[in-house]
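Every heavy atom of this structure was used, including side-chain atoms; hydrogens, water molecules and symmetry mates were not. All values derive from a computational prediction rather than experimental measurement. Per chain, numbering begins at 1; letters A, B, ... match sequence-line order.
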Amino acid sequence: MRGPVLDVEDGAARLGLKGPRAAEWLEAQGAGVPAGPNRWRRSPFGAAQRFLVARLGHTEFFLEDEEGGTALATVAAALDAAPLGVYPVLHEDFAFQMSGEGVHDALAQVCNVNFAALDLDSQPLVMTLMIGVAVLVVPEGADAARQYRFWCDPTFGPTLSEALGTVVVECGGTIRGVTA
Amino acid sequence: MMYRLEPQPHEWIDRSAPIEFSFEDRPCRGYAGDTISSALAVSEPYLARSFKYHRPRGILSFANHDSNTLFQVDGVPNVRGDVTPLRSGMRVLAVNTFGGLAHDRGRILDRCARFLPVGFYYKAFHSKRLFPRWERMIRSLTGLGRVTLGAERRLTPKRYAFCDVLVIGAGPSGLGAALAAAAAGARVALVDEAPRLGGASVVSAAERAELDAMIDEVSRSERIAVLTGTVAAGCYADHWVALAEPERMTKMRAQAVVFATGVIEQPAVFRNNDLPGVMLASGAWRLVERHGIAPGRQVTVVAANLEAYVLAHALTARGVRIVAIVDLRAEPESGAEAAACAAAGIKILQRHAPYEALAGAGGGVGALVAAPLDTAGRVDARDRRRLDCDCVLMSVGWAAAAQLLSQAGGVTEFSEPLRQFVPKELPPGLYAAGRLNGVYEYAARSADGRRAGAEAAAHAGFGTAVPASVPRTSRSPSHPFPIFPHPAAKNFVDFDEDLQVKDLENAVQEGFDSSELMKRYSTVGMGPSQGKHSHMNALRILARARGLKVRDLGLTTFRPMYQPMPLKLLAGRSFNVERRTPIDARHGSLGAVWMPAGNWRRPEYYAVAGESREQSIAAEVEAVRARLGLIDVGTLGKIEIHGPDAGALLDRVYAGKYADMKVGTTRYGLMLDESGVIVDDGVIARLGAERFYFTTTTSGSAAVFRELQRWNALWGLDCVLVNVTGHRAAFNFAGPASRDVLAALTDVDLGEAAFPFLAAREGRVAGAPARLMRVGFVGELGYEIHVPASSASTVWQALYEAGLPGGLRPFGVEAQRILRLEKGHLIVSQDTDGLTDPFEANARWAVSMKKPFFVGQRSLRILEARGPRQKLVGIEVLESAQAPKECHLIIDGDAIGGRVTSIARSRVLGKTIGLAMLAPQLAEVGREIRIRADGGELIAARVVKTPFYDPENARQRIGGAA
């Protein structure tokens, strides 16, 4: 497929953690934690599951299940015990993905981060603004297979996706997912 | 008259591709590759009328450095003719005319110049009584192009881009810089306003070959991105440069920037130096080289540098007759071109000046009158000599194009030997090269560019070798004072603003004797060209008038944009990212009429067939008072605080007491800034021993969260904040029937004892985990229900359907405003302003001054001792046909005594009620006040107690006695 692709996603379970003991608690649950802030990793969980762990700060994490995964339900259940110094954060984010040929041209029209220059080996996590909306970005893949996953406050979702869709289509791209 | 030459070796036009267009509704023809100006130059005696005196004007700079060649093109105003490519079918009109270019009625103003001296508007328009007349007259006379108000909005993209080294200017120095930086391994962006690389200066044949070789090398480099037809419009902090293409704005961020922006040719100032046919030599060279156009058939050159001779020689070689070279200098020019001119028999008048230009038939120049200069540089008008010609070329000097460099933080100084401002101090990562840097010789410019490019690349982390610096040119190509008086004036310094020498001299005489003051008083440099052709000469005049050197005078501040910029490029796509609650679609299906609330869209009311707006709003109010209403309040800020110090943080940032709240209760919170001014409010619920949940105003959530984060970090408290504004939805389910209807949907015990007024509970509503708060913003029994955004639609629909049989209506923002007004509840920032403290807002009850500390407490102590300057009170309007509006003033005698902050007709009370901020002496309950309404009518009102409705709050405790 030629041109950038905007995929509007839905359905994945998400959860946040915040608090001075969030990192050690998460590790105690068997989840791998990125070594420092502004990093992410896919963490093994149990025998067969993985979920995304994004470290937003020293004491703040964003977690997302893989499609069809149930790992976060286990984590959430453990949080019901109100562990000391760990606080749950409700995440009902609007999520989307951008990829494809010319994705950087489309991104350059809406965001001032030089995505093409990111060193993906270090698994960077980007927190920035996209046409004024705060977004969390996880870049993945090499070269032509580069793709970016975004999360933002859900109340911005409809108009942000409309604006992005306009840019993507003008760049000769395609929109997929719930707003296609 | 200009005419087309035989095809030129490097011309840009395609003579096999003629283009038809119209000018002033007459058919014209040009070629592909022409600009509007070049196409018109060969057929039109003049192209425009000047701004103030409506004098005929032709091409001056052919570089977009003056406003002579602005046009109205296909309805678009102020299109820059010098640089806008010709298109087939263009309808080109002159701007700033009354009745067309040829018959412009405004030309009468040229005869009124003596009545329009510099600063005349300051002296003439001081009468308030007459000002409206002057205003109308000036508005009708001024302005250039006409804005087409009905024009279609043109959306243009903006983008961000990145490079290691940005080179601005693609002449010999810019090309050299780009090649050197690329050779070091840097990614380079090379920008030039012209559509082709190579720059704009006069070059010899040998230099042309070298230039072509560099252009070829640049074009083949994979590391150099070439952006031609692109204006570097402004430089900002951290090496951000705005790059404007015709249909796109790029925000370029570079590690290092090389300014190879060159110099701008300056005119000589003599009487009638604005006649069509009098133009800058560099402009003539561009016409010849790029468009194959001779600037005239008989040309006189006014000279003060070598370029004049190079150009004269080049024109002679193309068959143009050079009438004479009027050289301002005492010393003859040396070099091959000067010798060639002499050999060709060209008359050279050494140490002569242009005394005046004379108009010929058709309005263009017909002759130049030259006169000798004495040793002091004064014109000896007794020995005048007439030189018949149809073109006068001025080659008397240059000014550094240092605008962008200065915007970026570069500091310049005036070089006396060079008679030019040159870079003195450059911030790290910025470099200057070429003629901007005072290096004029062709080979040296290229070398200086390579030096700057290598340094820029090294700054960006590519290479370490730094070539030796290139010395500046020793002989100045600029005359120190190419300005010549004439008793009849019309010797123009600023062509944009029709400013003559005497205008600037008068400004100095009247005390406006600094460059900044003179600019503002005389408007020199304030036209579309922003002083590109007038700034240096204005400084020279100012320096001479004050007996100073140019170096003693400061430059005025250069600000973006460097060139006039279409507003569409600044507006871009006008993204408007509006927030929508999770049940936005449900509102739409219910007939919501939208209104903006901060950056949200909210239902103002729900339209119902057969009802007017007012009827729908009244019906929504009535439903809440009598039965049941449902409103989406998800736009409220929603913040959680967790941790042992959560209560302590709230105690410090809100004016009330919260650490002592019992779990399951709510309390009103008033947030102040350090000066004691109300900045936000909300409801705070204690959900656990170390867990609070609170709301903020719709527009305040982000600011409040940010401020609390800041305080928490400063104080180092053991608690964390979570902003869940967008992740939780919230509804207010209010009305006498709310408890009964909600009871069927929730597992929470809603009984009065189990869930009293101002309590908070957690449970499930319609199957979704929910937080419920029994609060009374609208003054009825009601519940605020907060659920995760993903459950919002389900819960809303369940509440709506459950309430419908009992007469539920969804209600919007307007109904809520009336309902809360009836209760006398204030809205922060509507009923308060940027100075309102709690004492003034009648909110003393929400402040606990006994606490050891809270933000704003110290100021409140001072304010309390001082007493209020104003008081927020309730008012009711006495009999009146006209209802006052919000912001109408309260009149106390002949003074302003306050203003209405909220007002509405209350059907349940049968009167118009409101809140007003009044001077304390007017705020006594029972006092009559007068409100000045639209048209000046004074409406009587009375100060009353609040709440207006249900002062005992009995409605919020319906069922409490059961």
Heaviest contributor of heavy-atom pairs below 4.5 Å to chain B, chosen from E170(A), E60(A), Q109(A), E92(A), is E92(A)

Assert top hit (heavy-atom pairs under 4.5 Å, partner chain A, pool P644(B), G634(B), P788(B)) equals P788(B)

Below 6.0 angstrom between ring centroids: does that apply to Y693(B) and H786(B)? yes

Exercise for the section: Before giving the answer on ring pair (Phe, Tyr, Trp, His ring centres under 6.0 Å), spell out for F94(A) and F156(A) the whole-Å C-alpha distance, their side-chain angles and the decisive distance to 0.1 Å. Expected result: CA-CA 8 Å; F94(A) 178 81; F156(A) 287 111; over 10 Å; no

Might you work through the side chain to side chain donor-acceptor pair (under 3.5 Å) test for R586(B) and S793(B), ending with a clear yes or no? CA-CA 8 Å; R586(B) 292 214 179 270; S793(B) 187; 2.8 Å; yes

Counting heavy-atom pairs under 4.5 angstrom with chain B, the leader among D105(A), V89(A), T159(A), L160(A) is T159(A)

With chain B, the option among C111(A), A106(A), G19(A) that has the most non-hydrogen atom pairs under 4.5 Å is C111(A)

In terms of heavy-atom pairs under 4.5 Å with chain A, the winner among K158(B), R248(B), E640(B) is K158(B)

Bottom line for D93(A): the part with an atom under 4.5 Å from chain B's heavy atoms is both

Quiz prompt | M249(B) and L570(B), any side-chain heavy atoms less than 4.5 Å apart | solution = yes

Which label fits W715(B) and W711(B): parallel for a plane angle under 30°, tilted from 30 to 60°, or perpendicular past 60°?
parallel

Can a side-chain donor-acceptor contact be found between T581(B) and R602(B) if the only test is distance below 3.5 angstrom? no

Whatever's closer than 4.5 Å to a heavy atom in chain A on R691(B) counts as neither

Greatest number of non-hydrogen atom pairs under 4.5 angstrom with chain A, of G572(B), C719(B), A789(B), G688(B), falls to A789(B)

So ring-ring contact (aromatic ring centres under 6.0 Å, His included) across residues 67-93 of chain A, not counting sequence neighbours, yields F62(A)-H91(A), Y87(A)-H642(B), H91(A)-H727(B)

Looking only at A163(A), G16(A), P154(A), the option with the highest number of non-hydrogen pairs under 4.5 Å against chain B is P154(A)

Chain A shares the most heavy-atom pairs under 4.5 Å, among R253(B), K251(B), R573(B), with R573(B)

Quiz item: Taking NZ, NE, NH1 and NH2 as the nitrogens, is one of them in R579(B) or D153(A) under 4.0 Å from a carboxylate oxygen of the other?
Solution: yes

Applying a strict 4.5 Å limit to non-hydrogen atoms, the region of D584(B) in contact with chain A is neither

Chain A shares the most heavy-atom pairs under 4.5 Å, among V720(B), V577(B), T635(B), with V577(B)

